[in-house]
Amino acid sequence: MTRKIFGQLAASVGFAVLLAGCSTTAPLQPMGTPPVAQSEAAPPSPEQLLAAMSLERKVAQIVMPDIGSITPADVRRYRFGTILNGGNSGPYGDDKAPAADWLKLADEFWEASTAPLPGGEPAVPALWATDAVHGHANVIGATVFPHNIALGAAGDADLIRRIGAATAVEIAVTGIDWTFAPTIAVARDDRWGRTYESYSEDPQLVARLGAAMVEGLQGRPGEPGFLGADKVAATAKHFFGDGGTAQGVDQGDVNGDLAELMAIHAAPYPAAIEAGVASVMASFNSINGTKMHGNAPLLTGELRGRLGFDGVVVGDWNGHGQVAGCTNSDCPQALLAGLDVYMVPEDWKALHASLVKQVRNGTIPMQRLDEAVLRVLRLKRQLGTFDGQVKPSDRAYGGRWDLLGSPEHRAIAREAAAKSQVLLKNHGVLPLKPGARIEVAGSAADNIAQQAGGWSVTWQGGGDLTAADFPGATSIFDGIAAAAKAAGGQAVLAKDGQAGGKPDVAIVVFGEEPYAEFVGDRKDLAFRDEEGLALLKAYRAQGIPTVAVFLSGRPLWMNRELNAAEAFVAAWLPGSEGAGVADVLFGQHPATGRLSFSWPASCEGAPLNGPEGALFPLGYGLDLGAAARLAPLDETCNALTADNGAAWFAAGRLGVQVQAVADNAVLPDLRGTGNGITASGIDRKAQEDARRIAFARGAKLTLTGPDSGAAWRIAYQVSARPTASVTVTAGGKPFDITQPLSVAEGKGWRAMVLSAACLGEAGGRLTFASEDAFVIQISEISRDSAAEATECSF
Ligand code: BGC
Ligand code: BGC
């Protein structure tokens, strides 16, 4: 039916093109042109569309808002070319929305973007992009594949191609067109919080695996089915240098000789471009001081010119706002430097207005705008968006719920999990013997959210997610239990190692809590959580052999745990199919995983990208049958003792020794809900570097950390004064802060100093209590010995 519209349109000469999805409304009848037969219809070309667009609609093609900040009515009014869902945005404001809601909303946005426009202006469908970075993991019930670091250890390009294909299908089921994957960062400093999004420290391996993922997601250019109904557009990200920032600081600066930097960090791009990658995302980082989003020599000179990329260059989350002289809502520099699409989650209205103005007043040449718009339109043509004008739920894969988390896809994920296990030590315990009585301990043993890692259902993953948020998934314990039973033995779960009786062997599953982006940045490679270590030691003391299964987004200094266990497996972040881990432990699958990152011998965390300073070099990994013995390792780590605990909350994280609790509910990284406290991430200087803390009537929030006797310095903001008493105590008498908080109302960010002068003491604990509902925003809490003796201030 919509074909017919094209028929008429194609027949209409000039600009009377209309890409309306609504077939019941008669399209513009261009004067005197008779409708042509359907079969002859061809959708208008990107160039024809462009020529028929108003300036406002052209600009809208290059503005990408987040679904959390727009409604279908906004889409209908502005006609954005593309939209995204960030890691914390789900349909209708619900991160955990049922899968069907994604498709329903995709239809609504599609209908809004294709509603006929007056005056013969073309109505161009919007594309929806998502971070399907390890499967379509934002969506409940999708297959969650291992993160890239694990796939690097598997090192199997064909497997990655199949993962890409399965992921594309699951995305298509929900009516989404485009994924911001693969990350082809070459992580060179494992302190970086995104190390797990990188396949390897080796640029050649990243190039090979990244290109395979692009092919899996998109198909192969020139072959049938390329970007077809079961495919999505891919994004190679983040161009370039994301993995090369100084000290591994996310979004930081990359220093050095340009050619040398490109030889490492841009090295995977030619392969991705050759594989036909539809888009490239500009990186947050700067190179020698210049932010990439405003870097014409690199975005245009290198990426377009030398590397010959002719697809869409999409910006990162307000990345343009970080360019010198720019804000989120005003940044012609980025377009002029070579960006095609602004990712502007919230400030889209103001950015749209400023861009329109800047094209009108000549700051931005029309030709540069046209070029960017054409790239977006060409991507749509490639994706078949104009062919037949089919709304998401009417497409071949739209609503094929049988394919979301299907057994076939889960089998691929399980294979990937098995292939990525890297055996670092094995003193004769693995493979587990048939008939063995096994105890499985550790808080990660039966914890699907933890094995999935960041970018799973929510941006950060973990937190308050439970197994119920991953229907159809299998925990590592589930896998072990099933395998033990099949081998005539038995496995019991004893999270704290207290099942009773003496098992033949104990498996301790432990590791890093989930994180994403800068929240995962670390100052060193020490692993401070001693839960696993204590369990391993306790079993050893009873003469029970142990297997350590370590979940992490990067290699860490694990000498203590390596010493304490008879066998040690680097399991990375295996995703929803925990059974893949058991497959290797029981010898159902050979141990073929090999390190794609050098494993550190010391905890200090200086960049390690070669055998020097490595405990295990790149490519290391034992076969199950290997007889190699690991000599006892040095357990000194100065960083472990050097931590002075001054920062209690900074850059969106709690200090390593700091805890936030609402009565007895722990709020990891001061985030989550419990006992009347709701703490959520907000942006102050960087994404989610601050918290909005809502107290329900009578709620209490307690922070505990090292007792330094120093004063607390807190950066805070109050937008509405408390309506009843708010107090703070450090253990002594509650001190009433209602009045100063009322004075702070509407005054923006301020500093509060709390010392023994008003609290009576200044130990290692601070409790805020509010008699009535009250909201405060906090971006930093630190201990400040300089302020120790001072008066309290607000
Ligand atoms: C993430 C988004 C996320 C947002 C939250 C960004 O850095 O990539 O997906 O929702 O921060 O502020
Ligand atoms: C991340 C990107 C991601 C985007 C959208 C950014 O913060 O750096 O990798 O694609 O947000 O969620």
Side-chain angles (χ1 to χ4, degrees), residues 63-70 82-90 95 127-139 147-148 167 171 176-185 187 192-199 210 213 217 232-245 248-252 254 272 277-286 291-293 312-322 328 334 339 341-348 453-461 515-521 553 651-652 681-683 685-689:
V63 168
M64 177 189 269
D66 185 274
I67 62 161
S69 307
I70 47 162
T82 62
I83 59 177
L84 91 145
N85 69 283
N88 277 341
S89 308
D95 244 350
L127 295 181
W128 181 340
T130 191
D131 289 291
V133 299
H134 62 144
H136 195 18
N138 275 294
V139 176
H147 269 295
N148 286 353
T167 303
I171 298 171
I176 295 176
D177 314 279
W178 179 3
T179 175
F180 295 134
T183 297
I184 54 173
W192 186 38
R194 305 189 79 159
T195 300
Y196 67 80
E197 296 187 57
S198 169
Y199 294 111
M213 184 59 88
L217 290 163
V232 294
T235 307
K237 73 184 188 185
H238 312 80
F239 186 81
F240 80 84
D242 45 358
T245 56
V249 171
D250 192 41
Q251 310 190 5
V254 184
V277 73
S279 68
V280 167
M281 188 183 290
S283 195
F284 274 128
N285 61 271
S286 48
K291 281 279 173 185
M292 190 59 77
H293 283 65
V312 172
V313 176
V314 60
D316 203 345
W317 189 274
N318 282 330
H320 59 275
Q322 297 189 18
N328 293 347
L339 196 81
V341 171
Y342 289 82
M343 190 191 292
V344 55
E346 289 154 6
D347 302 304
W348 47 269
W455 298 106
S456 301
V457 183
T458 60
W459 178 40
Q460 292 296 319
Y515 50 77
E517 299 190 49
F518 48 85
V519 177
D521 285 357
I682 54 166
D683 303 356
K685 294 178 188 150
Q687 297 105 310
E688 308 233 351
D689 62 341

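Atoms within a ligand are numbered from 1 in the order they appear, just like the ligands themselves.
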Item to check | Numbering as shown, the atoms of ligand 2 that approach F284 to under 4.0 Å (heavy-atom distance) | outcome: 6 (C), 7 (O), 8 (O)
Checklist entry - Can a donor-acceptor pair be found between the side chains of W178 and T82 at a distance below 3.5 Å? => result no
Checklist entry - Should the ring pair W459 and F518 be called parallel, tilted or perpendicular, given that the plane angle runs from 0 to 90° and is split at 30 and 60? => result perpendicular
Checklist entry - Looking at K237, which atoms of ligand 2 are within less than 4.0 Å of one of its heavy atoms? => result 2 (C), 3 (C), 9 (O), 10 (O)
Next on the checklist: Using the salt bridge (Lys or Arg N to Asp or Glu O under 4.0 Å) criterion, which residues pair with D177? Sequence neighbours excluded.
Outcome noted: R395
Item to check | Residue D131 vicinity, atoms of ligand 2 by number, heavy atom under 4.0 Å | outcome: 3 (C), 5 (C), 10 (O), 12 (O)
Item to check | Contact check, side chains of Q460 and Y515, non-hydrogen atoms, under 4.5 Å | outcome: yes
Checklist entry - Looking at R194, which atoms of ligand 2 are within less than 4.0 Å of one of its heavy atoms? => result 1 (C), 2 (C), 8 (O), 9 (O)
Next on the checklist: Under a 4.0 angstrom heavy-atom cut-off, which atoms of ligand 2 come close to H238?
Outcome noted: 2 (C), 8 (O), 9 (O)
Checklist entry - Partners of K291 by salt bridge (Lys or Arg N to Asp or Glu O under 4.0 Å), sequence neighbours excluded? => result none
Checklist entry - Do D66 and S89 have side-chain atoms, one donor and one acceptor, less than 3.5 Å apart? => result yes
Item to check | Atoms of ligand 2, numbered as shown, that sit under 4.0 Å from any heavy atom of F180 | outcome: 10 (O)
Next on the checklist: Between N88 and E688, does the side-chain hydrogen bond (donor to acceptor under 3.5 Å, both in side chains) criterion hold? Intermediate values first, please.
Outcome noted: CA-CA 11 Å; N88 277 341; E688 308 233 351; 3.0 Å; yes
Item to check | For D316, the ligand 2 atoms whose distance to one of its heavy atoms is below 4.0 Å | outcome: 1 (C), 2 (C), 3 (C), 4 (C), 6 (C), 7 (O), 8 (O), 11 (O)
Checklist entry - At a 4.0 Å cut-off, with the gap strictly under it, does some heavy atom of L84 reach an atom of ligand 2? => result yes
Checklist entry - For ligand 2, which atoms sit closer than 4.0 Å to a heavy atom of W317? => result 6 (C), 7 (O), 11 (O)
